[in-house]
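Structure, as structure tokens:
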Amino acid sequence: MPSNTTTDGSAHVRRVRSVVHGRLNAGSRDPHRGEQPGRDQYSRDQYSRDQYSSITRSWVRCLHEYRLDPGSRGEPQVVDPAELRERQERLAGVQAVAKVEMANLYQQLAGSGYAIVLTDAEGVLLNYFGDPGFTHAASRSGLMQGAVWSERAQGTNGMGTCLVERRPVTVHQDEHYLSRHIGLSCAGAPIFDHHGEVVAALDASGESRLAQQHTLALVSMSVQMIENRVFLDQFRHDYILRFHNRPEFIGTLSEGAIALSPEGKVLAATRYALFQLGIARPADIVGRDIVGIFNSSFAGLVDSTVRRAFHAVPIFHIKTGARFYGVMLPPVAPPAGHRGAGRSELKPALFAEQAAASPLDALHAGDAAMVANVRTAKRTLERNVALLLRGETGTGKELFARAVHRSGPRADKPFVAINCAALPEPLIESELFGYRAGAFTGASKDGARGKLLQANGGTLFLDEIGDMPVTLQARLLRVLEEREVQPLGSETPVPLDIRVISATHCDLPQKIAEGHFREDLYYRLQGLTILLPPLRERTDRRELILRIAREEVEAGSAIELDVPLLAFLERQRWPGNLRQLRHLLRAMLALRDDDVLTLHDLPAEYRAASAATIGTEAPPAGDLNPLENAERKALIEELQRHSWNISIVARRLNMSRNTLYRKVQRLNIQNPEKALH
């Protein structure tokens, strides 16, 4: 390892032996924890995780269990090439995912003298990325493929110690047990499988003179991303419930994920799923029925997710009542001849016809323009064609982009959306491209990856692209042409593999003519333009209204829209399109007094519009006797008093709604349904 030590080797050896041989008497302190009066006396056979730091416990193991000499300078242990290949093949799935995250982590630490290292559960180094100058010098002391970096072989170090401790650790310079490593700073974190077993370790090692706690945080985040992606890949042929207590965090590294059989039994869960549900061990959840965990049956979760076009649905934890939001992902069709070990081939009838449908198919209910749009989008899924979505505000451009992402080969990769109109102009460049630590005044000391790198491997959705400042359009064009991004303050470009979907409500050709949008960027983004029709022009309005209402209803509720209300909603102009419709229905459902929504449930501003369409002054279309005229007048007054809520008036008059409708027609009171048509 690097020979540039900060502590004399012999002095380090004396210090290790002094600490471990029990000279931390009662009232003294553990140098790795701070003052611990009366708690730091060491017993060779028993020491507590609460009493001692990871470093002190490791030193104790190194001397008493491994019998290591802290001054040893022996040659590093290296496995032979055949064994190395066998170990790499054993962890092929983890390695494939880890390489992407290691490259991302290295980019964040590039120039800091760090190497990013992956080992197996026994500390054998499988792969690494590193600054050439550092790794060349370090390789002479054992930083090479096949080298054994277990705690037993190399003493206290980031890789080996995190594997033993089963938690992230930082080992800084003279915290290493062997004196030959005291010029090194390491931050290591174990990687767990869905059984809760340690299968590998990720480590960042460098020659920094300062203990970099943020480095450990970055390593831990990378480990969480690796675990999540490995889990989603391993159970891609099963149902997966992804959930979080905040819907916007679904799809991020802090989400929980539970794999389920077609019968709704838990097959496995991620660490974050266990954490969010307060479950200590994987074995405590495996085999349980999902209905015993959340307040919804398996079929109910599938149905709710499908009806909401794979948007998050609210679910409640049975034990605590805590609210979460979840999305149920259908199985990816297995290759021919594949059979899950011991898993049923049965699928719920509820999901059978939906399983083969693309998320894009849920975007329409037969409108010809949307059918053509969906057909066009499907043809581009395998070809990475840039899409430009045009349409009025609220027509569902982001919903369409997410459906394209979920329908294609990048479905299990990130989908990153950025609204170019919502960001202050000074922040757009750093938000898109990221920055290195200290790149500008006020920059985070840890730097930032930027949206482009966050979307690497997946889809980047640029909403309201027409509002991007002209000064940044040239740089975005260069990134899209060269397929690499260079964060602010960095000298090293990073390869980029993304699909770009843009959206705008603007007339971009007009903006080009006015000099507000680059023509070359327009043609780079406009691989294919898809025009989303406004709600008022869609022929499937009625079905969309009913579908959105179903999506907004809580699980287990049965809600109806009566005929006059449905007719009123269908004939509106909807300047805010689908977004306006959804918000209206959401408000009506929240404030309803009955399971049948009527015109009376409309907010005040909508009620005024509906009343204007319902006439009460129409003269009788025939002679009515005085008794009938009196009845007509009384009925009109009652209807007006209750805002033409047919259900309420029928209950007050102790008659059915059908009887009341017939009476309204017989007495020549203008029928709301006819007025609304």
Side-chain angles (χ1 to χ4, degrees), residues 247 294-297 300-301 303-309 311-316 321 323-326 365 394 396 535 540-614 616 635-661 664 671-677:
F294 295 111
N295 70 326
S296 180
S297 66
L301 282 171
D303 182 49
S304 297
T305 298
V306 170
R307 286 192 289 107
R308 291 204 181 193
H311 278 63
V313 298
I315 52 179
F316 293 86
R323 182 175 65 180
F324 293 93
Y325 294 87
L535 180 57
D540 56 355
R541 282 193 308 281
R542 178 177 290 249
E543 182 56 35
L544 284 176
I545 293 167
L546 294 173
R547 179 182 295 179
I548 292 174
R550 287 194 297 267
E551 291 172 2
E552 292 299 326
V553 172
E554 301 90 340
S557 299
I559 300 296
E560 296 178 28
L561 276 66
D562 75 356
V563 174
L565 174 63
L566 185 57
F568 172 78
L569 296 176
E570 194 177 3
R571 70 189 296 268
Q572 295 306 295
R573 297 292 295 169
W574 299 115
N577 293 292
L578 293 170
R579 184 182 296 122
Q580 180 188 4
L581 171 62
R582 185 177 294 276
H583 288 173
L584 171 62
L585 290 171
R586 187 174 296 170
M588 293 175 68
L589 288 166
L591 300 175
R592 74 184 189 275
D593 295 318
D594 196 350
D595 288 338
V596 179
L597 293 182
T598 70
L599 292 167
H600 177 71
D601 295 299
L602 288 166
E605 62 273 23
Y606 287 89
R607 264 205 316 271
S610 71
T613 67
I614 302 174
T616 61
L635 188 52
I636 289 175
E637 290 176 353
E638 192 70 14
L639 287 166
Q640 288 176 328
R641 184 177 299 115
H642 296 286
S643 302
W644 292 85
N645 188 317
I646 295 293
S647 297
I648 292 178
V649 173
R651 284 198 298 269
R652 285 183 58 84
L653 298 178
N654 196 26
M655 65 178 66
S656 70
R657 288 192 301 165
N658 288 336
T659 300
L660 181 57
Y661 278 128
V664 165
N671 190 323
E673 179 181 358
K674 292 181 179 179
L676 290 169
H677 281 296

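Counting heavy atoms of neighbouring residues, nucleotides and ligands inside a 6.0 Å radius, atom CG of Asp595 exceeds 12 of them. By the 6.0 Å contact criterion, CZ on Arg323 is open, its count of non-hydrogen atoms from other residues, nucleotides or ligands being 12 or less.
Remark: the backbone N or O of Ala365 is paired with a side-chain donor or acceptor of Asp540 at under 3.5 angstrom. Of the possible donor and acceptor atoms, none in the side chain of Asp601 sits under 3.5 Å from a partner among the backbone N and O of Arg592.
Annotation for Ala312 and Tyr325: closest pair CB-CB, 3.9 Å, computed over non-hydrogen atoms. Closest heavy-atom contact between Leu561 and Ala549: CD1-CB, 4.1 Å. Summarising the geometry of Asn577 relative to Leu535, their closest heavy-atom pair is OD1-N, 2.9 Å, with the distance given to 0.1 Å.
Taken to the nearest 0.5 Å, the CG atom of Leu660 stands 12.5 Å off from the CZ atom of Arg652. Expressed to the nearest 0.5 Å, how far CD of Glu638 lies from CD1 of Ile648 amounts to 10.0 Å. Rounded to the nearest 0.5 Å, atoms CZ (Arg542) and CZ (Arg571) are 12.5 Å apart. Rounded to the nearest 0.5 angstrom, Leu301 CG and Phe294 CZ are separated by 8.0 Å. Atom CG of Leu581 is separated from atom CG of Leu585 by 4.5 Å, given to the nearest 0.5 angstrom. Of the inter-residue distances, the one linking Leu565 atom CG with Glu570 atom CD reads 11.0 Å to the nearest 0.5 angstrom.
Within the 4.5 Å cutoff, the side chain of Ile646 has heavy atoms near those of the Leu639 side chain. Looking at heavy atoms from C-beta onward, Thr598 lies out of side-chain contact with Pro564 at the 4.5 angstrom threshold. In this structure, the side chains of Arg651 and Asp594 come closer than 4.5 Å at one or more pairs of heavy atoms. Inter-residue side-chain proximity for Arg582 and Glu551 is flagged as met; some heavy-atom pair is nearer than 4.5 Å. Taking 4.5 Å as the limit, every side-chain heavy atom of Leu566 sits out of range of all side-chain heavy atoms of Leu597.
A salt bridge links Glu543 and Arg550; the closest N-O separation between the charged side-chain nitrogens and carboxylate oxygens is under 4.0 Å.
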